[in-house]
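Reading through the structure tokens given below for one structure.
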Amino acid sequence: HVQLVESGGGSVQAGGSLRLSCTASKNTYDRYCMGWFRQAPGKEREGVAGIDSVGGAVDIVDPVKGRFTVSLDNIEKWSYLDMTDLKPEDTATYSCAFRPLWIGDTCALIEDNYDVWGRGTQVTVS
């Protein structure tokens, strides 16, 4: 089974930057989706950014567009979420998620479509 571990969270001041990493061990798939989701206290989990391993297609939600970048290391099979110009409303637990990408499928940020989840890493912006 694929196992995910996030790292890189922390506390920063508004305007600061962080890089989150997601390592995916035991990933034997060549076609797969990596998604980043976040959950703020008292709120529903929401998708942030996703990327596929085939064409590198990226999906980033409007609230973070222009500030967050998602990337994939196809050799190590790691995903990165680079966050810049962080705002207090970005404070949340960030989790990465994985699922295989089937032919004709897309890596849409639909939470229920993802099979494997990391435990999350906390990001606090003050």
Side-chain angles (χ1 to χ4, degrees):
H1 294 294
V2 175
Q3 296 175 339
L4 304 178
V5 177
E6 303 93 339
S7 61
S11 297
V12 296
Q13 293 188 336
S17 301
L18 283 173
R19 167 176 258 204
L20 304 185
S21 301
C22 177
T23 61
S25 59
K26 301 180 183 179
N27 178 11
T28 58
Y29 293 89
D30 290 325
R31 298 174 54 89
Y32 58 93
C33 303
M34 294 288 280
W36 286 92
F37 294 78
R38 67 184 181 184
Q39 187 167 23
K43 293 189 176 181
E44 298 283 323
R45 185 157 57 185
E46 62 176 355
V48 176
I51 188 167
D52 77 61
S53 67
V54 180
V58 168
D59 184 14
I60 297 184
V61 297
D62 286 344
V64 305
K65 200 166 287 185
R67 301 188 296 120
F68 290 14
T69 303
V70 61
S71 59
L72 195 63
D73 181 329
N74 261 326
I75 296 175
E76 297 291 339
K77 297 186 177 179
W78 290 21
S79 177
Y80 300 97
L81 184 67
D82 288 291
M83 307 184 295
T84 63
D85 190 22
L86 283 160
K87 304 177 180 182
E89 52 263 42
D90 295 318
T91 294
T93 299
Y94 285 71
S95 301
C96 63
F98 168 94
R99 68 179 183 87
L101 175 63
W102 309 115
I103 301 294
D105 195 5
T106 66
C107 293
L109 286 169
I110 300 172
E111 184 177 336
D112 288 345
N113 289 355
Y114 283 81
D115 304 313
V116 182
W117 292 81
R119 290 187 175 184
T121 185
Q122 178 67 35
V123 171
T124 303
V125 186
S126 59

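Basis for what follows: all heavy atoms, side chains included, without hydrogens, waters or symmetry-related copies.
Expressed to the nearest 0.5 Å, how far SG of C22 lies from CG of D73 amounts to 12.0 Å. Distance check, rounded to the nearest 0.5 Å: OH of Y94 to OG of S7 gives 15.0 Å. In this structure, L4 CG and K77 NZ are separated by 12.5 Å, a value rounded to the nearest 0.5 Å. Here the OH atom belonging to Y32 is positioned 14.5 Å from the CG atom belonging to D115, to the nearest 0.5 angstrom. Between the OG1 atom in T93 and the CZ atom in R38 there is a gap of 11.5 Å [rounded to 0.5 Å]. With rounding to the nearest 0.5 Å, the separation of CD in Q39 from CD in E111 is 8.0 Å.
One hydrophobic cluster, built from ILVMFWY side chains closer than 4.5 Å, cannot hold both L101 and F98; they sit in different ones. Under a hydrophobic-cluster definition in which Ile, Leu, Val, Met, Phe, Trp and Tyr are linked whenever side-chain heavy atoms come within less than 4.5 Å, directly or via other members, V48 and V123 are assigned to the same cluster. Hydrophobic clustering (ILVMFWY, side-chain heavy atoms < 4.5 Å, transitive): V70 and I110 are in distinct clusters.
Two residues are said to be in side-chain contact when any heavy atoms from C-beta on lie closer than 4.5 Å; F68 and L86 meet this criterion. Side-chain contact between L72 and M34 is present, with heavy atoms from C-beta onward closer than 4.5 Å. Between I60 and V58 there is a side-chain heavy-atom pair separated by less than 4.5 Å. Looking at D90 and R67, their side chains come closer than 4.5 Å, going by heavy atoms from C-beta outward. Contact check for I51 versus Y80: no side-chain heavy atoms found under the 4.5 Å cut-off. T106 places none of its side-chain heavy atoms less than 4.5 Å from the side chain of D59.
Nearest heavy atoms, A14 versus P88: CB-CD, 4.2 Å. Of all the heavy atoms in S71 and D82, the pair that sits closest is OG-OD2, 4.4 Å. Across D85 and S17, no two heavy atoms sit closer than the pair N-OG, 4.3 Å.
Defined by atom type and a distance below 3.5 Å, a donor-acceptor pair is missing between the side-chain atoms of R99 and Y114. One side chain, W36 or S79, offers a donor N or O that lies under 3.5 Å from an acceptor on the other.
We find that R119 and E6 are not joined by a salt bridge, their nearest charged nitrogen and carboxylate oxygen being 4.0 Å or further apart.
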Check against side chain to side chain contact (heavy atoms under 4.5 Å, CB included), Q122 and T91 = CA-CA 8 Å; Q122 178 67 35; T91 294; 4.0 Å; yes
Could you give me the CA-CA distance, side-chain angles and deciding distance for L20 and M83, then say whether side chain to side chain contact (heavy atoms under 4.5 Å, CB included) is met?
-> CA-CA 8 Å; L20 304 185; M83 307 184 295; 3.7 Å; yes
D62/K65 under salt bridge (Lys or Arg N to Asp or Glu O under 4.0 Å): CA gap, chis, key distance, verdict = CA-CA 5 Å; D62 286 344; K65 200 166 287 185; 3.2 Å; yes
Which is it for R31 and D105 under the salt bridge (Lys or Arg N to Asp or Glu O under 4.0 Å) test, yes or no, and what are the steps along the way?
-> CA-CA 10 Å; R31 298 174 54 89; D105 195 5; over 6 Å; no
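In this pair, F37 and W117 present their aromatic rings tilted. The plane angle is within the 30 to 60° band.
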